[in-house]
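These notes are about the structure you will find just below.
For clarity, every value in this text was computed on a predicted model and none was experimentally measured. Side chains are part of it too, since the values below use all heavy atoms of this structure and drop only hydrogens, waters and symmetry mates. We count residues from 1, following the sequence as given.
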Amino acid sequence: MRDYFCDKDADATLIGDNWEVSLYWPTSTDRHVDPRLLDGLAWWDSTVSPGTMAMSRRRDRYILTSLYDTWTLYSWAQWLNQNPRRPGQKLTLLHFDDHRDFGSPRLFATETGYVDAIAGKVVDIRQPNTILDAIDSGAIGMGSFFTLLFHTFDHLDVRHFCQPPKVRSTSKYEIERYHERDTLLDPTASRPAVKPVPRTGRDGANIYLATNDPEVLLADIPADAPILVHIDMDYFNNRYDGDNAWLERAEALNPPAEEILQEIDRVGRILHDERVLNGISDVSVSFSPGFFPAEFWSAADARLRPLLEKLR
């Protein structure tokens with residue numbers, strides 16, 4: 001059940017011939033790999049605990065900052081609600097992250113869209129409150145927030161900037177949309193899924209580019225396409241990668257503080273490049289507990305925040 005429900009813990013009770021599953025946000029620091037997590041939370045908000053941090057976020061104009069990266073989809077939903085897309089309109093997403101985040105959310109496909117597999121409610125990216133409810137239930141979690149966007153829209157241009165060891169060269173794909181069978185709650189139901197595939201040139205296809213080259217990242221971005229920016233702080237350092245066995249990994253993105261700050265400056269230069277600066281419409285930032293070390297949160301935010309506040 002840990003793999004299925006991802007961010008939430010689950011207790012199962014056998015009642016007659018059926019199992020009753022209760023979900024809750026984990027409250028113990030034992031569930032979280034970062035030994036400095038409580039220090040990070042004290043900096044973020046002294047009233048936030050491991051049991052409440054998943055829902056914690058704050059917005060300052062066009063910047064949504066959260067602990068869990070799931071809130072990126074909520075920020076996009078708010079922007080899309082205020083800026084409905086026209087048929088054929090292109091949309092560029094700049095994705096600074098150590099992960100693709102293409103996992104399958106716990107949503108069931110219906111004839112008219114999607115419903116929350118846990119709460120049974122309709123989920124529509126054009127309606128931000130439905131995304132909020134799906135985050136709260138655990139239906140949409142870390143690592144699975146891109147998929148609904150891909151299934152809802154065409155003409156998406158996703159540009160993923162990622163450091164080695166995960167990305168060492170440039171790759172460009174189309175995104176194939178499909179549905180896969182649910183593995184726990186209802187094996188007869190289908191959930192949205194995506195995967196990168198070789199490009200076919202199909203009109204309207206959603207494009208995914210992964211690179212560690214700033215010039216490739218910024219090349220040929222349509223001047224008239226709005227740009228949404230997502231920065232997962234584990235792009236700068238992903239020491240833990242959500243893995244209790246992180247010390248055993250042969251390769252890890254774990255630079256020291258000074259290199260993190262230098263990389264933040266480089267991302268700032270990318271975002272202030274004239275090819276994208278005027279198009280940036282929304283920015284989401286996530287600190288990713290258990291991935292980006294909490295010991296760096298304060299200094300990294302102090303370096304990044306002024307760069308983002310000057311974008312608009």
Side-chain angles (χ1 to χ4, degrees), residues 1-2 4-11 21-34 36-81 97 99 101 103-107 114-149 228 230-234 240 242 282-294 297-298 300-301 305:
M1 287 195 296
R2 172 69 59 81
Y4 186 91
F5 291 112
C6 187
D7 307 333
K8 284 194 167 185
D9 282 345
D11 289 332
V21 178
S22 300
L23 301 179
Y24 55 92
W25 298 111
T27 58
S28 171
T29 54
D30 294 341
R31 174 74 153 79
H32 302 282
V33 63
D34 189 343
R36 298 283 299 276
L37 173 62
L38 294 182
D39 294 338
L41 294 181
W43 164 78
W44 170 260
D45 182 339
S46 62
T47 66
V48 172
S49 67
T52 62
M53 66 180 181
M55 300 299 290
S56 186
R57 75 277 184 192
R58 55 178 71 119
R59 179 173 283 285
D60 181 11
R61 297 190 297 140
Y62 56 89
I63 304 171
L64 180 71
T65 308
S66 62
L67 296 178
Y68 280 30
D69 66 358
T70 319
W71 290 100
T72 301
L73 185 62
Y74 180 67
S75 189
W76 295 344
Q78 289 182 313
W79 185 86
L80 288 163
N81 180 261
D97 201 316
H99 308 89
D101 297 318
S104 176
R106 287 152 290 279
L107 304 176
Y114 294 98
V115 297
D116 183 322
I118 298 167
K121 298 179 180 179
V122 171
V123 178
D124 185 342
I125 195 172
R126 304 172 189 86
Q127 301 177 28
N129 286 343
T130 71
I131 301 299
L132 189 155
D133 289 344
I135 294 172
D136 189 27
S137 75
I140 297 173
M142 288 191 291
S144 64
F145 59 84
F146 254 110
T147 304
L148 182 61
L149 188 75
L228 309 184
H230 168 240
I231 301 174
D232 189 321
M233 298 301 286
D234 70 18
Y240 300 116
D282 185 81
V283 178
S284 57
V285 179
S286 51
F287 281 89
S288 290
F291 296 83
F292 181 57
W297 290 5
S298 176
D301 185 74
R305 186 74 38 185

Treating [X] as the side-chain partner and [Y] as the backbone partner, does any N or O pair qualify as donor plus acceptor under 3.5 Å?
X: T70; Y: M142; value: yes
X: S288; Y: D234; value: no
X: T147; Y: G103; value: yes
X: W76; Y: F145; value: no
X: W71; Y: A54; value: yes
X: K8; Y: A139; value: no

Test item: [X] and [Y] side chains (from C-beta on) under 4.5 Å apart, heavy atoms:
X: L107; Y: V115; value: no
X: T65; Y: R305; value: yes
X: P289; Y: M53; value: yes
X: L64; Y: V283; value: no
X: W297; Y: W43; value: yes
X: L41; Y: L67; value: yes
X: D136; Y: M55; value: yes
X: P50; Y: H32; value: yes

Closest heavy-atom pair and its distance - [X], [Y]:
X: N81; Y: R126; answer: ND2-O, 3.0 Å
X: W25; Y: G51; answer: CB-O, 3.4 Å
X: S144; Y: S104; answer: CB-C, 4.0 Å
X: P105; Y: I140; answer: CB-CG1, 4.2 Å

Would you call the rings of F287 and F292 parallel, tilted or perpendicular, where under 30° means parallel and over 60° means perpendicular?
tilted

If I take atom [atom1] from residue [X] and atom [atom2] from residue [Y], how far apart are they, to the nearest 0.5 angstrom?
X: I131; Y: S75; atom1: CD1; atom2: OG; answer: 12.0 Å
X: D101; Y: L149; atom1: CG; atom2: CG; answer: 12.5 Å
X: Y114; Y: T130; atom1: OH; atom2: OG1; answer: 13.5 Å
X: Y68; Y: R57; atom1: OH; atom2: CZ; answer: 14.0 Å

The test is side chain to side chain donor-acceptor pair (under 3.5 Å); show your working for S137 and D116 and say whether it passes.
CA-CA 8 Å; S137 75; D116 183 322; 2.6 Å; yes

Charged N to carboxylate O below 4.0 Å: is that the case for R36 and D34?
no

Would you list the pairs meeting salt bridge (charged side-chain N to carboxylate O under 4.0 Å, His left out) in which at least one residue belongs to residues 58-76, sequence neighbours left out?
R59-D282

Side chains of S56 and W44 only: does a donor on one sit below 3.5 Å from an acceptor on the other?
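Yes - a donor-acceptor pair under 3.5 Å links their side chains.
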
State whether a side-chain donor-acceptor pair under 3.5 Å links H230 with T72.
yes

Report the C-alpha separation of N129 and Q78 in whole Å, then their side-chain angles, then the decisive distance to 0.1 Å, and conclude whether the side-chain contact (heavy atoms from CB on, under 4.5 Å) test is met.
CA-CA 9 Å; N129 286 343; Q78 289 182 313; over 6 Å; no

Evaluate the criterion side-chain contact (heavy atoms from CB on, under 4.5 Å) for residue pair V122 and Q127; output intermediate values, then yes/no.
CA-CA 10 Å; V122 171; Q127 301 177 28; 5.8 Å; no

Between D97 and I231, does the side-chain contact (heavy atoms from CB on, under 4.5 Å) criterion hold? Intermediate values first, please.
CA-CA 6 Å; D97 201 316; I231 301 174; over 6 Å; no

